Amino acid sequence: MQRSQKSKRSTKLPLIIIGAIVLITIAGFGGYTVYHANQLRNEGEQTVKKFISAISKGKYNEIPNYLTESSIKDNAFTKDSVAEKYQNIFTGINASNIKASDIQVKKNNDGYNFSYKLTLTTGLGKLDNQKYEGTLADGNQKIIWKPDLIFPEMSATDKISYQATSATRGEILDRNDQGLAVNGTIYQIGVIPNQLGSDNERSQKIAAIAESIGSTVDAVNSALEQGWVQDDFFVPLKTVSEIPENVPEGAEVHQATGRTYPLGEAAAQLIGYVGKVTAEDIEKNDTLAAESLIGRTGLERALDKQLRGQDGGVLAIVDKADSQKKVLQEVKKTDGENVKLTIDLKAQQLAYDSLQGQPGSSVATAPKTGDLLAVVSSPSFDPNKMTNGISQADYDAYNNDKNLPFMSRFATGYAPGSTFKTVTAAIGLDSGTLDPNEELAINGLKWQKDSSWGGYQVTRVSDVSPVNLRTALVYSDNIYMAQETLQMGKKTFRDGLNKFIFGEKLDLPIAMDPAQISNDDSFGSEVLLADTGYGQGQLLLNPIQQIATYSVFPNKGTLVYPKLLADTETKTKPDVVSGGTVETINQDLQAVVSDPNGTANSLQSLNIPLAAKTGTAEIKEKQDEKGQENSFLYAFDAQNQAYSLLEFLENRSDGQSATELSKELLTYLQSTYQ
């Protein structure tokens, strides 16, 4: 019995081993099968991704590399005609920003299928989630191609119909409905390919045309190689605002409608310009349509959505009889809206001309409503060139100009100089620390409070004594204002300043930093306090903020915020300064013009009832050196308070001042706004 049991145990052992070997073999085979399946699936995903990448990157000649030759032939295509089909369709509809999602590869009974979704931007905007399906072959390294991989439901004989209708961009108009940015006549310089000749003749003509338009041979050839180009089509190469004098042989000029800027340089920084939508724009905003225009700078950019509207059209699959088979995309055209500004076109031009091409700014308002009548920065650039195609030489001239023509000086902060003494005086009068009739004995052209100021001294131009408020404003006395500012103290002065617009964001479609009193929330020294009192120190206000701050004087103490869009309501801040204080200061500001010693006495020759304050802000590294001088003039209609002006000249030359440059504009404002 014992031998028998032992024999049974020995018989079972080989069976267990054999079973284990079988299980291991099955498991190994199963693992290999799973591994192999994963490899094939990964291979298939890579094939599909490469195929999509070739489409998205516009490498149409690479597309046949991922397709089986038999499937191409079965659909009556060749490798070249497949590539050409994709190129013609995708360039023709201005396809860009092509992105795939939800890529899947699955095994079926016969092999592997794939599917994915495609999103792209066409000339009509974003086309969402087109669903594609297909079959893989040759170890999943190739796709069995069908025309529905161009667009779903497309057959071999189908075509793509693309009909786009551009929205009309809204125009920017002045207060009198005169155009500041309009859809005017432009001229396109271009070529018709079959009129260029062949071989050497063609090469010579292209070279001459490229040189004449400030382009390159490669750029011209690239334009001629676009998918939509045919031998008898006109291919535009450059757009200009005026008919060119000399057109090289082989080129033609066609008239078209495009964006033009009647004032040119005079309103360039304010109005801005447009340009064609780029791939980068579409990446940021997929609602944009390729080939449409978008605002690049200024109001064209700030108000772009309102101005641009929505391009419309239909993208559809049509059969060989041109019957519509499937609509892929349909967008209703919506024209942009016109925008009416408060700007006076003539005042804008006069304001620009007044600066004579020198660095500076001129801002005019109707102070009772806050309407901005002119908003100018100089020097400037031609927005027509920027929109219609600027040559590299012209762009370099702008970009390398040390006077920065692209800079919007009306939106750039500066120390306002002595024009700000009006505000300091108003705070002192309202707080009771300044008595307008008190006369201060001030001797000499330099002063400091005590030795704690070290080598620093406040300086003035005229050695006049004694000095009261009127004398200080007529002669623009820095020492008087410094002493009165110290008398009122840091808290009273800063509390008074905070009633104005410091730190506030103005409701204007113009990018700017808020006005600042100082770099920190408190004055760090008595020197800084004194300097701020006469408009220097760390004060920063741009010309628009300055004229808004000073609006309390033509408005009996109410601050009127500036506005640029005609249909917006006027906003005010009442009781910033008391009415009695304003009356006192306004009488003194009239004396700045009427008094023979007044710093704005030269305006008396205009025979206009003006109140004014001049200012000079000096920027220098050391106390006794001569630095850059910025000249300011603030003036307003003292009789009816119908207009005001802030003229600014940056780094003025000897003998020049903002006051002298302002006379023609003041004469126009007086004759127009009464």
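What you are looking at is a predicted structure, and each value in this text was computed from that prediction instead of being measured.
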Could you list the donor-acceptor pairs under 3.5 angstrom formed by side chains in residues 320-331, with sequence neighbours left out?
from	atom 1	to	atom 2	distance (Å)
Asp322	OD1	Lys159	NZ	2.8
Lys325	NZ	Glu153	O	3.1
Lys325	NZ	Asp158	OD2	2.6
Lys326	NZ	Glu153	OE2	3.4
Gln329	OE1	Thr122	OG1	2.7
Gln329	NE2	Gly125	O	3.3
Gln329	NE2	Lys126	O	3.2

> Looking only at atom types and distance, does a side-chain atom of Asp174 sit under 3.5 Å from a main-chain N or O of Gln178, one as donor and one as acceptor?
Replying inline: yes
>> I need the full list of salt bridge (charged side-chain N to carboxylate O under 4.0 Å, His left out) pairs touching residues 43-54, with sequence neighbours left out, sorted by first then second residue.
In response: none
> Does the Gln130 side chain pair with the main chain of Ile150, one donor and one acceptor, at a distance under 3.5 Å?
Replying inline: no
> Yes or no on side chain to side chain contact (heavy atoms under 4.5 Å, CB included) for Tyr395 and Phe381, after CA distance, side-chain angles and deciding distance?
Replying inline: CA-CA 9 Å; Tyr395 181 79; Phe381 61 92; over 6 Å; no
> Between the side chain of Thr387 and the main-chain N/O of Val274, is any donor-acceptor distance below 3.5 Å?
Replying inline: yes
>> Does Lys85, at its NZ atom, have more than 12 non-hydrogen atoms belonging to other residues, nucleotides or ligands within less than 6.0 Å?
In response: yes
> Taking NZ, NE, NH1 and NH2 as the nitrogens, is one of them in Lys131 or Asp148 under 4.0 Å from a carboxylate oxygen of the other?
Replying inline: no
Can you give each donor-acceptor pair under 3.5 Å made by side-chain atoms of residues 69-78, sequence neighbours left out, with the distance rounded to 0.1 Å?
from	atom 1	to	atom 2	distance (Å)
Ser71	OG	Thr68	O	2.9
Ser71	OG	Thr68	OG1	2.7
Ser71	OG	Trp145	N	2.9
Asn75	ND2	Ser71	O	2.8
Asn75	ND2	Trp145	O	3.1
Thr78	OG1	Asp80	N	3.4
Thr78	OG1	Ser81	N	3.1
Thr78	OG1	Ser81	OG	3.1

> Do side-chain atoms of Asp281 reach the backbone of Thr278 as a donor and acceptor pair under 3.5 angstrom?
Replying inline: yes
> Is there a salt bridge (charged side-chain N to carboxylate O under 4.0 Å, His left out) between Glu280 and Lys284 once you walk through the steps?
Replying inline: CA-CA 7 Å; Glu280 185 178 355; Lys284 295 176 182 177; 3.7 Å; yes
>> Apply ring pair (Phe, Tyr, Trp, His ring centres under 6.0 Å) to residues Tyr116 and Tyr132 and explain how you reach the verdict.
In response: CA-CA 5 Å; Tyr116 60 88; Tyr132 293 83; 5.0 Å; yes
> Yes or no on ring pair (Phe, Tyr, Trp, His ring centres under 6.0 Å) for Tyr398 and Phe406, after CA distance, side-chain angles and deciding distance?
Replying inline: CA-CA 8 Å; Tyr398 286 141; Phe406 293 127; 5.8 Å; yes
> Is a side-chain donor or acceptor of Ser380 paired with a backbone partner of Glu265 at a separation under 3.5 angstrom?
Replying inline: yes
> Quick one: ring-ring contact (aromatic ring centres under 6.0 Å, His included) partners of Phe233, sequence neighbours excluded?
Replying inline: none
>> Looking at Asp199, I'd like to know if its CG atom is crowded, meaning that more than 12 non-hydrogen atoms belonging to other residues, nucleotides or ligands lie closer than 6.0 Å.
In response: no
>> If you apply the rule salt bridge (charged side-chain N to carboxylate O under 4.0 Å, His left out), what do you find for Asp177 with Lys340, and how did you get there?
In response: CA-CA 7 Å; Asp177 294 320; Lys340 188 171 183 175; 3.5 Å; yes
> Is a donor on one side and an acceptor on the other found under 3.5 Å between the side chain of Asp304 and the backbone of Gly295?
Replying inline: yes
>> Under a plain distance cut-off of 3.5 Å, with no hydrogens placed, do Gln392 and Asp394 share a side-chain donor-acceptor pair?
In response: no
> For Glu504, does the CD atom have more than 12 heavy-atom neighbours from other residues, nucleotides or ligands under 6.0 Å away?
Replying inline: yes
> Quick check: does any side chain N or O of Lys563 sit under 3.5 Å from a backbone N or O of Thr568, one acting as donor and the other as acceptor?
Replying inline: yes
> Does the side chain to side chain contact (heavy atoms under 4.5 Å, CB included) test come out yes or no for Leu136 and Ile144, once each step is laid out?
Replying inline: CA-CA 6 Å; Leu136 293 158; Ile144 298 176; over 6 Å; no
>> Whether Lys332 and Asp311 form a salt bridge (side-chain N of Lys/Arg under 4.0 Å from carboxylate O of Asp/Glu) is what I want to check.
In response: no
> Is it the case that more than 12 heavy atoms not belonging to Arg202 sit under 6.0 Å from its CZ atom?
Replying inline: yes
> Between the main-chain N or O of Gln141 and the side-chain N or O of Asp138, is there a donor-acceptor pair closer than 3.5 Å?
Replying inline: no
> Quick one: side chain to side chain donor-acceptor pair (under 3.5 Å) pairs with a partner in residues 179-196, sequence neighbours left out?
Replying inline: Asn183-Arg259
>> Has Gln348 got a side-chain atom pairing as donor or acceptor with Val375's backbone, closer than 3.5 angstrom?
In response: yes
>> Test of understanding: with salt bridge (Lys or Arg N to Asp or Glu O under 4.0 Å), list the residues that count as partners of Glu283, not counting sequence neighbours.
In response: Lys99
